[in-house]
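Here's the structure we're looking at; comments come further down.
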Amino acid sequence: MDFSASLSLVAPEIVLSLGGLLLLLCAAWMGDRASRAISIASVIIIGAAAALTIPVLCGGAMGAGTLAFGGQMRVDAFAAFAKLLIYISGATCLMVAPRFFDRWGAMRAEYPVLVLFAVLGMGIMVSAGDLLTLYIGLEMNSLAAYVLAAFLRTDGRSAEAGLKYFVLGALASGILLYGMSLTYGFTGSTSFDVIRVALAGDISTGALIGLVFVLAGLAFKISAVPFHMWTPDVYEGSPTPVTMFFATAPKVAAMALTMRVALDAFGLQVDAWRQIVVFVSLASIVIGALGAIGQDNIKRLLAFSSINNVGFILVGLAAATPEGASAMLVYLAIYVAMSVGSFVAVLMLRDANGDYVESISDLAGLSRTKPLIAWCLLLIMLSLAGIPPLFGFWGKLVVFQAAVNAGMIAIAAVAIAASVIGAFYYLKVGKVMFFDEPVDKVTGDNDWAHWALLIVSTAFISPLGYLLTGWLSELADKAATALFLVA
Amino acid sequence: MNGFPILSLMLLVPLLGAVACFMLEAKAARSVALLATLVDLALGVVLWTGFETGGAQWQFQESHAVFAGFSYALGIDGIALMLIALTVFLMPICILASWDSVQKRVGEYMAAFLFMETLMIGVFAAQDLLLFYIFFEAGLIPMYLIIGIWGGDNRIYASYKFFLYTLLGSVLMLIAMLWMIHDAGTTYIPTLMQYDFPAQAQTWLWLAFFASFAVKMPMWPVHTWLPDAHVQAPTAGSVILAGVLLKMGGYGFIRFSLPMFPDASAQLAWLVLGLSMVAVVYTSLVALVQSDMKKLIAYSSVAHMAIVTIGLFAFNVQGLEGSMMVMLSHGLVSGALFLCVGVIYDRLHTREIDRYGGLAINMPKYALFFMLFTMGSIGLPGTSGFVGEFLSLAGTYQISTTVTLVCTTGIILGAAYMLYLYRRVVFGEQKNSDAAAMPDLNVREWLMLGPIAAAVLWMGVYPESFLAPMRADIAALDARLASAKPKGDSQPTAPTEATRRTHAANAMEHHGDAEEGPTNEALEGGH
C-alpha cells in the first residue's frame, strides 16, 4: 500500500494532531483570554475527527484495506467504534470544564489542547497493530493525562493526584514495556500478526512471562484489581471534569487495546490468558463493590464503581469470542453514557456559594430540593447497578450472554451474584437522596449545557435506550467482526 | 384477537398516567391516577369478555422485533388473564386507599404505583423470556421507593432487605435463562414451554428459577423479607405486595418451572412439599403470637402461599386449579385485610392489636367487612378461600397423604390466628377511649371494601367463572406433566358402579361447560 493511502486512513489522527499544534500556538500567543475560544475550537476539531471516523464504522471497514503504514495502524471498524466513544467523552469533558475551572480562575488555554492530545494518543492506542504504535499511543495519552490530573495547581489534592498517577502510571508503563520486550525477544517481532503466528502451539515460559507482564501493564491502565489502588485517589483528587474524562475515554481506549492485544496478538493462546482475565474480572467486581460501600465521597464511590464495571466488561473478554467482543463494546458504550451522566450530575451539585458538593451525606433529601437531578442520578445509579428496565442492564445482559454461550456458566453465575453486593451501595446513594431528611446543602444553579448533557445521558440509559439496541448491536458486531477478521 | 393491541394499551395507559402524575400537583395527581387505573380496569373487562374460553391457547398476541436479542412479544392465556384481572381490579382500590393517608410527595407516589401497574401487567403478559425478566425485576425499583419514602419508622431497613433479597434470588435465574436461550435458540415462551431440556440441565435450571420464585413467593425459609416489607410499607403498598407481587412467584412456577422442567420438578417436588409443610405449620404458629396486625397478616400470607406451592407440585388438575384459586383468593382477601388494617391505622396510627378492642360497637359496618375477609382467609365455604384450599389439598392428597395431613392443620391454625385477631380487635370491651371514638366507614372506604367483598363471595359461590378460562391451560399443563408425574401414596378404593356413574356424570357436566356451551346455545337457537 502506498504512503498516500496510509495517510488518508489516518486522517482523523492528522486532523487531531495538526489542530492540536495549531491551537497550542494560539494558546501561546493569546494566553488564557482565549481559553474559551480554544475550547470551542477543540470540540470542533474532535467533531471533525469523528465525522471522518463514522464512515469507517458504518461501512464496517475490515481486512487488508484498513492497514496503514505496513500494518502499524489498523483503521478498522473496531478502532472506529472505540474512537467514537473516546471522541464523545473528550468533547463532553471539554464542554463541562470551563465553568468548573472558572470557579478557581484556573481555566487555562492549555487544558483543551491537552485533552486534544490525550484523545489523539488514545486514537492511536485503539488502532495499534504493533507493540511500538501501542506504546507511543499509550504514552502520548498518559503524559497529557498526568498534567490534566494536576491541573488545579493550587489545590493540594489535585497535585497529589497528578503525582500518584504519574508514579504509578510510569510503573505500569515499565511493566508493560518489560513484557513487550520479552514478547519481542521470544517471537522476533513487534507486529501483532507475526506475534500471533509465532505464539501458535505450545507457549514457552519466557513468552508466557511476557504475556503476563503485558496484561498486567494493561490491567493498570483499565484499573482492574489488583492494579486498581491508584484509581480512588486519582479520581478524588483530580478536577471533576478531568475525573469524568479519566472514567470514560482512557477506560475505553485501554479496554479496546487490551481486547486487540489479547484477541489478536495473543489470540492463539487464549487458554494462557483466560484464567488471568477471569481472576482479574471477578476480583474487580468483588473489590469494586466492597470498596465502594464505605465511601462518603461521591467521586471515590464512582471510582470504585468504575472498577466494578471494568470487571463486568472483562467477563466478555474471558469469553474470547466475537460475541464477547461485541458485548464488551456495547457495554463500553453504555458505560460511557452512565459515567458521563453521573459526573455531570456531580458537577451540578453546588452549594449556595457555588462550591462543589462531593460528600454523599450532603446529598440528603436531594429529591426534594433538586428533584430532577436526584431522579436522574437515581436512574444512573440503578443503571450502573444493572437493574432492569434501565439500559445498564442490557450491557450486563449481553456480556453474560456471551459468557454463557462460550460455556462459562460458573463464572457468569459468580459474577452476577457478586453484582448484588454492588447494588447495595448504589442503593445507598438513592436512599440518601430520597429517604433522608433534606439538609439543603445543594442549592446552586446550573447552566443549560449541564442540563442538556444530564438529560441526554439519562434518556440514553433510561428504558428508551432499548430502542437503540438493534442499531448498537449491529455496529458492535461489525466492529467485533473486524477485530476477529484480522485475527 | 382482531389485531387491536389491547395489551400494549393496558401497559401504556398507566405509564402515561405515571409520567403525568410525576409533573402534577397532589390533587390533580390523585385524580389522574384514579382515572388511569379505572381506564385500565375497563380495558381489563374488555380483555376478559373478549377472551375466548376454549379458543386458542394464546390470545391477544402482539409481536414486534424492536430490540436486538429479544422481541416485544405479548399474549395471554387463561392463567395470565386471571392474574391481570386481579391486578387491574386491585389498582384503583390502592389509589383510593392512599387518597387521604398519603400527603407528602403525592405526585411521585401515584407515579410509582402506576409504573408498578405497568410492570405487573407486563410480567403476566410477556411472551418473551427476557421481556418477562425485565418486567419482573423492574418492579423492585418502584416498590423500593414506595417502602423507602412513604413507609413506616424502620422503612430503610425494610426497603434494602426487600430489594437485595429479591435481587439475589433473581440474578441466578437470568443466567439460567441465558443458558436456555442458548440451548433452545429462542426467547419465545410458548416454544420454550414445549421444549425438552436435557434432564441433567433441568435440575440446575429448575434450582436457579426456584431461587427466584421461592424468594418472591415467599417460601420458608426465605420469607423473612416479607413481614418487614409489609409492616413498613404504606397500606396500598402492602395490598399490592400481597395481592399481586407474591403471585409472581406462583405464576413463575406455573409458567416456567413446571412446563419447562417437568422432570426436575418431579424430582425435586419433595423439596417444595417439605418446605411448604414447614411453612404452613411454622408461620401459622408465628402468626399466632404477633402483636402487630400487619405482621400477623404477612405471616398468614406465607402460610397461604405454601398451600399454593403444594397444589402446584401435586401434578394434577385439582392441585393446579386449586393453586390458582388460592392465589386469586389470597390476592383479594389479604389485600382486603391490609385495607382493613389501613382503615383503622388511618384513624389511630398504630397497628398494635392491644390498642384496639370492641370495634363492633362503634364501627359495626367495618366489623362486618372485616369478618367476611377473616372468614375468607380461614377458607370458610361460601368464600373464595374455601374453593382454592379444598382443591389444592384434594390434589395434594393424591400424591402424598402426609403432606396433606400436615398442611390441613394449617387451616385449623389459620382459623385460630385469624379468629383470635378478630376477637381482640373487634369484640371484647372498648378498653381505649380513642379507639372507641373512631367513626365507621366513610364512602371512600365503602368503595374500597365493597367490590372486594363482592368478588370474594362471587368466587366462593360460583368459582366456575374464574376456573373456566383457565381450564384448557391447566389441562394442557397437566398433559405436559403427565410423563413426569410421581407416584402418589394415597390408595383410593376401586370405584363401585354407583360412584363411577356419578363421576362420569360430573365429568360430562364439566365437559359440557367447557366446550359444548356454544353448541347448547345453538341448539336452543334452533328451537
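Each chain gets a letter, A, B and so on, in the order the sequences are listed, and its residues count up from 1.
Contact detail for A:Pro388 and B:Ile141: the closest heavy-atom pair is O-CD1, 3.7 Å. A pairwise comparison of heavy atoms in B:Leu164 and A:Ala423 identifies CD2-CB, 4.0 Å as the closest pair. Considering all non-hydrogen atoms of both residues, A:Ala412 and B:Ile175 come closest at CB-CD1, 3.6 Å. Residues A:Gln401 and B:Leu178 share a closest heavy-atom pair of N-CD1, 3.6 Å.
Heavy-atom pairs under 4.5 Å with chain A peak, among B:Met177, B:His182, B:Arg155, at B:His182. No other option in A:Leu467, A:Ile416, A:Val404 has as many heavy-atom pairs under 4.5 Å with chain B as A:Ile416. Note: A:Val420 leads A:Val420, A:Ile387, A:Ile409 in heavy-atom pairs under 4.5 Å with chain B. Across A:Ser419, A:Ala413, A:Pro371, A:Gly430, the residue that shares the most heavy-atom pairs under 4.5 angstrom with chain B is A:Ala413. Among B:Ile149, B:Asp183, B:Leu172, B:Leu140, the residue making the largest number of heavy-atom pairs under 4.5 Å with chain A is B:Ile149.
The backbone N or O of A:Leu427 sits less than 3.5 Å from a side-chain atom of B:Tyr144, completing a donor-acceptor pair. A donor-acceptor pair is defined here as one N or O able to donate and one able to accept, closer than 3.5 Å; no such pair exists between the side chain of A:Thr469 and the backbone of B:Phe67.
In this structure, A:Leu397 and B:Tyr133 have side chains that are not in contact, with every pair of non-hydrogen atoms separated by 4.5 Å or more. The shortest distance between side-chain heavy atoms of B:Ile181 and A:Asn405 does not fall below 4.5 Å.
Heavy atoms of B:Leu174 lying under 4.5 Å from chain A belong exclusively to its side chain. Proximity to chain B (any heavy atom under 4.5 Å) is shown, for A:Lys396, by neither the backbone nor the side chain. In this structure, chain B has heavy atoms under 4.5 Å from both the backbone and the side chain of A:Phe434. With a 4.5 Å cut-off on non-hydrogen atoms, A:Leu378 touches chain B through its side chain but not through its backbone. Neither the backbone nor the side chain of B:Ser170 has a heavy atom closer than 4.5 Å to any heavy atom of chain A. Neither the backbone nor the side chain of A:Leu472 comes within less than 4.5 Å of any heavy atom of chain B.
Interatomic distance, B:Glu137 CD to A:Leu390 CG, rounded to the nearest 0.5 Å: 12.0 Å. Going from atom CZ of A:Arg368 over to atom CZ of B:Arg105 covers 5.0 Å, rounded to the nearest 0.5 Å.
Atom NZ of A:Lys441 has 12 or fewer heavy atoms from other residues, nucleotides or ligands within 6.0 Å. Counting non-hydrogen atoms of other residues, nucleotides and ligands closer than 6.0 Å to CD of B:Gln200 gives a total of 12 or fewer. Atom NZ of B:Lys104 has more than 12 neighbouring heavy atoms from other residues, nucleotides or ligands inside a 6.0 Å radius.
Between A:Trp375 and B:Phe22, the ring planes are perpendicular. Angles over 60° get that label, and only those under 30° would be called parallel.
Of residues 111-130 of chain B, those residues with a non-hydrogen atom less than 4.5 Å from any non-hydrogen atom of chain A are, in numerical order, B:Phe115, B:Leu130.
Residues passing the side chain to side chain contact (heavy atoms under 4.5 Å, CB included) test with A:Val278 are A:Arg274, A:Leu282, A:Ala318, A:Met408, A:Ile411, sequence neighbours excluded.
Residues A:Phe424 and B:Phe163 place their aromatic rings such that the two centres sit no closer than 6.0 Å. In summary, the aromatic rings of A:Phe435 and B:Tyr160 are positioned with their centroids too far apart to meet the 6.0 Å limit.
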